[in-house]
Amino acid sequence: MNTPPSDFPVRIEQLICANRFGTFFGVSQQVFDRVWNQLTSPDGESIAYVSMEIGADPDVFHPVQDRLERDRIREHANPQLDRLIQKYLHGPRKIPNYSGGLGVLAGDTLKSFADLHVPVLAISLLYREGYFSQIVDSKVGQIDHATRWTPEATPSLFQLRNPEAPEGPLVIEIPFYNGQLQPTVVRAHVWMKLEISGQLDSFVPEFLIDYSLPDAPAWVMESAHQLYNAKSAIIKANQRRMLGSAILPLLDVLGYTSRTIHLNEQHGITVTLHLILQELRDTFGDILLDQIADADILAAAKRVSRKIVYTIHTPVKAGHDRFSRELYSSISHNTFQRTLNLLAHDDEISHEYNFTAMAMRINRAINSVSRLHRDVTKKQFPAFADKIKAITNGVHHLTWISEQRAACFSRTPSLRAWRTDPSCFGTLADHQNATTLAPMFKEAWRTDNQQLINYVNTMLKRHREQMIETWIDPPNHLSSLPETEWLQPGVFTIGFARRFSTYKRADLIFDDIDRLSDILIALNRPINFLFAGKAHPADEPGKSVLKLILDNQEELYHRSKGLGKLVFIPGYDMLLAKLMVSGVHAWLNSPKRPLEASGTSGMKAAMNGVPNISIMDGWWVEGYHDGQTGWKFGYEGPVEEADLSEAPDTLLYTEDAAALYQVLPSILESFYDRPESYLECALNNLRLNIPIFNTHRMAAEYVAQYGLRLSQDQEESIGHFRRLYLSEESGSLK
């Protein structure tokens, strides 16, 4: 486990902290007060980070639990402290308020903000049914059902209390204009997750708005339960409203003074409608609102734009929220309607509002999530090309590096500072340092692979029993075979785990099973293919791709004479992701270029030294390093308008699959016949990619974009990470 330093000075009794909103656990009162005071300071030098989803499960990163485990604390004589200890040691380890990469990135970003002591608060929604849970049946495919979880029992999550009546929860009142001049006020509770730094010396408060109250209107209840509920356009629109409309009331109740709101995607853009209305009321008053000119609205929007920073995450059109004008007229204030007409108009579809276009228009800074994505976004939104910059994504290294890898890094003298400074992996350029690490790293990788294979084989056994006990037909052909045919450690294992969407082409490598099988037979080399991921419940084409993976298992096994074994692992979440990115030998990424804006799963593999086999899309354009860190395949030429299509006949399966088959033999030969060469590729990932693709560096770039005024010591510390790599530059500044 990634434990804090052994000389950490705070006793466990000092990790209880409190203010007028409740009692919390995980940092000292001194730390709590320092952070809270920064966020409520009149100077407004803090950031409100807004995201529709935040993935930060306590079972993959848990510094407080690590501290309890390290000091062998199992109970305490103080009843209040003992209850908190038991919650952290034995409470449920999931907060299922994320669907995939966007949410996990948000969680990783907040962890690095905490580690770097950047004054940030986060705002999202609490979904009582989370994202959907997945069952997979070999004949039916994905079966989705509601997720059940208990926020009250979950470590690091606390319901805020009413300062005037501490026995009751804090209630905030949120205005919704449902086609009326006077708002309908909806009540909500607030939960706070403490995103605590690895050193337990700072935190980011993450506020989750809970609309699921007994007296909530029906339209609120149906929108509040599940993340990305897409049963109707009105539910989708209301979810976005519920996020954006809660931001200002929450900040007001807490006394937070953030001058900047960072929109992690455009889902919370409706906050700008409230800010513009606020500006207009301050200038004209309610009585004169009907008499304002369009120029007045645009002037107010210009003032509001100074408060907004916007990150766009996808070039895929389905990822850009659009709503019909007719629908929105029934749920908005008259001034909102005029503002939308001026700022959310869609140049392609006149009868719809485009919220991505609106976010492009109301901000002081826009960033993409990789260099290639920047160039694509400029093509999609040429009117804003001068404003669009690149801040390439990263991942939180403390979350995603396995315990086995972490232990060997800590035993390597040149890497002793790796927990606080991921740039130290650059020292592996020294041959002696790399030689010292290599045998320990090789053994850690072997152990992680063994753990992953044990997990899969245990799952296969469970699926076999399930076949007898339930109506579920197991999603794996290997479940029906003797255990001697199950997976073996040390066999070259390729991992693929992400959202199942057509443009990600999960089934690309199986496009020509005859050719794939011929390669394995000719080389007489086995491969394990481990796949995981969810398709959105409303994404039928995505579900079809998942079903194709299931359908390919038996054919691949037989045609390859048992050399190719394909396993699908249901129930993808952060814990399974961590097990996979550290336990496989290579990470496969096969989207249609340029539709993968970034692709952080491959970065998580690279954090563990695992080479990528990838299309030259997203982050891999920057992480490939002329072949030192993995392999590329497929088209990598100029991006044209037609390349942005997701139409089935434009997905280039034949061409890119052929390119993948062409490179596969050399990968297998390197792994099996030249293991030292393969190990060198892994060490190159540590040396070249960890210092770049971590969220400490990314957070440092965001701090510059925010224009925060920090202390000289803090600016020097953050500046160190920013100097490692500037996403807008053509190369590293090291």
Side-chain angles (χ1 to χ4, degrees), residues 18-24 35-36 39-40 44 46-54 95 97 110 120-128 151-152 154 157-178 180 182-195 204-225 227 237-259 261-263 267-278 281 307 331-333 336:
N19 70 356
R20 62 197 187 100
F21 295 107
T23 299
F24 315 105
V35 171
W36 200 273
L39 297 173
T40 57
S46 63
I47 306 300
Y49 182 94
V50 178
S51 186
M52 193 71 170
E53 52 175 300
I54 300 177
I95 302 177
N97 280 11
L110 300 178
V120 174
L121 66 116
I123 303 172
S124 189
L125 301 180
L126 186 140
Y127 310 93
R128 288 283 173 168
E152 296 81 1
T154 304
L157 198 57
F158 303 89
Q159 189 174 35
L160 297 190
R161 313 311 295 173
N162 181 350
E164 307 303 322
E167 69 281 358
L170 176 69
V171 176
I172 62 172
E173 296 186 337
I174 301 159
F176 290 91
Y177 295 92
N178 294 328
Q180 303 165 346
Q182 295 303 315
T184 297
V185 175
V186 175
R187 293 153 42 93
H189 292 170
V190 181
W191 296 78
M192 181 171 73
K193 181 180 191 291
L194 299 186
E195 211 60 76
V204 167
E206 173 190 315
F207 298 101
L208 304 177
I209 312 300
D210 182 5
Y211 283 94
S212 296
L213 307 187
D215 60 349
W219 64 269
V220 169
M221 290 297 287
E222 67 180 357
S223 303
H225 282 311
L227 173 63
N238 282 333
Q239 278 199 343
R240 275 60 170 174
R241 286 204 303 157
M242 289 158 66
L243 175 63
S245 299
I247 296 168
L248 300 184
L250 176 70
L251 297 178
D252 184 58
V253 166
L254 298 178
Y256 282 5
T257 55
S258 306
R259 287 201 306 255
I261 297 173
H262 181 171
L263 298 179
H267 301 122
I269 189 62
T270 55
V271 68
T272 62
L273 295 175
H274 292 273
L275 285 166
I276 291 168
L277 182 61
Q278 193 177 79
R281 280 177 166 159
K307 303 178 181 180
I331 58 174
S332 63
H333 186 285
F336 287 1

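Please read all numbers here as calculations on a predicted model, not as lab measurements. All values below come from the heavy atoms of this structure, side chains included, with hydrogens, waters and symmetry mates left out.
Under the side chain to side chain donor-acceptor pair (under 3.5 Å) criterion, S332 pairs with Q337, not counting sequence neighbours. Residues that satisfy the salt bridge (charged side-chain N to carboxylate O under 4.0 Å, His left out) test with R20, not counting sequence neighbours, are absent from this structure. For E152, the salt bridge (charged side-chain N to carboxylate O under 4.0 Å, His left out) partners are R128, not counting sequence neighbours. Evaluation of the side chain to side chain donor-acceptor pair (under 3.5 Å) rule for E206 yields no partner, not counting sequence neighbours. In this structure N162 satisfies the side chain to side chain contact (heavy atoms under 4.5 Å, CB included) test together with E164, A165, sequence neighbours excluded. Partners of W219 by ring pair (Phe, Tyr, Trp, His ring centres under 6.0 Å), not counting sequence neighbours, listed by chain and number: F176. Among residues two or more places apart in sequence or in another chain, the ring pair (Phe, Tyr, Trp, His ring centres under 6.0 Å) test is passed with F207 by Y256. Considering only residues two or more places apart in sequence or on other chains, T154 meets the side chain to side chain donor-acceptor pair (under 3.5 Å) condition with none of them. Taking H267 as the reference, nothing meets the side chain to side chain donor-acceptor pair (under 3.5 Å) condition, with sequence neighbours excluded. E53 is linked by a salt bridge (charged side-chain N to carboxylate O under 4.0 Å, His left out) to nothing, counting only residues two or more places apart in sequence or in another chain.
Once rounded to the nearest 0.5 Å, the distance linking CG of L251 with CD1 of I172 reads 9.5 Å. Annotation: the span from I247 atom CD1 to D252 atom CG amounts to 13.5 Å, rounded to 0.5 Å. Here the OH atom belonging to Y127 is positioned 4.5 Å from the CG atom belonging to L227, to the nearest 0.5 angstrom. The distance from the OG1 atom of T184 to the CG atom of N178 is 5.0 Å, given to the nearest 0.5 Å. With rounding to the nearest 0.5 Å, the separation of CZ in R259 from OG1 in T257 is 8.5 Å. In this structure, L125 CG and R240 CZ are separated by 10.0 Å, a value rounded to the nearest 0.5 Å.
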Open item on the list: Please evaluate residues I54 and I95 with respect to the criterion side chain to side chain contact (heavy atoms under 4.5 Å, CB included), reporting the C-alpha separation (whole Å), side-chain torsions for both, the decisive distance (0.1 Å), and the verdict.
Closed with: CA-CA 9 Å; I54 300 177; I95 302 177; over 6 Å; no

Task: Working for side chain to side chain contact (heavy atoms under 4.5 Å, CB included), residues Q159 and V190 - done: CA-CA 6 Å; Q159 189 174 35; V190 181; over 6 Å; no

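Each salt bridge (Lys or Arg N to Asp or Glu O under 4.0 Å) pair with one or both residues in residues 211-224, not counting sequence neighbours, appears once here: R187-D215.
Residues A216 and Y211 approach most closely at CB-O, 3.6 Å, considering heavy atoms. Closest non-hydrogen pair, G22 versus R161, comes out as CA-CG, 3.9 Å. In this structure, A122 and V204 approach most closely via the heavy-atom pair N-CG1, 4.4 Å.
Residues I123 and I261 have side chains not in contact (no heavy-atom distance under 4.5 Å, counting atoms from C-beta outward). Looking only at side-chain heavy atoms (C-beta outward), N97 and L126 come within less than 4.5 Å of each other. The closest side-chain heavy-atom distance from L160 to V253 is not below 4.5 Å. F158 has its side chain out of reach of T23: every pair of non-hydrogen atoms, C-beta onward, lies at least 4.5 Å apart. Under the 4.5 Å side-chain criterion, counting only non-hydrogen atoms from C-beta, L243 is not in contact with I209. Residues M192 and L157 fail the side-chain proximity criterion, which asks for heavy atoms closer than 4.5 Å. Counting only heavy atoms from C-beta outward, the side chains of H225 and S212 approach each other to under 4.5 Å.
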All N/O donor-acceptor pairs, side-chain side in residues 268-275, below 3.5 Å, sequence neighbours left out:
residue	atom	partner	partner atom	Å
T272	OG1	I269	O	2.7
H274	NE2	S245	OG	3.0

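Panel note: side chain Y49, backbone L110; no donor-acceptor pair is recorded below 3.5 Å. Checked by atom type and distance alone, the side chain of S124 pairs as donor or acceptor with a backbone atom of S51 at under 3.5 Å.
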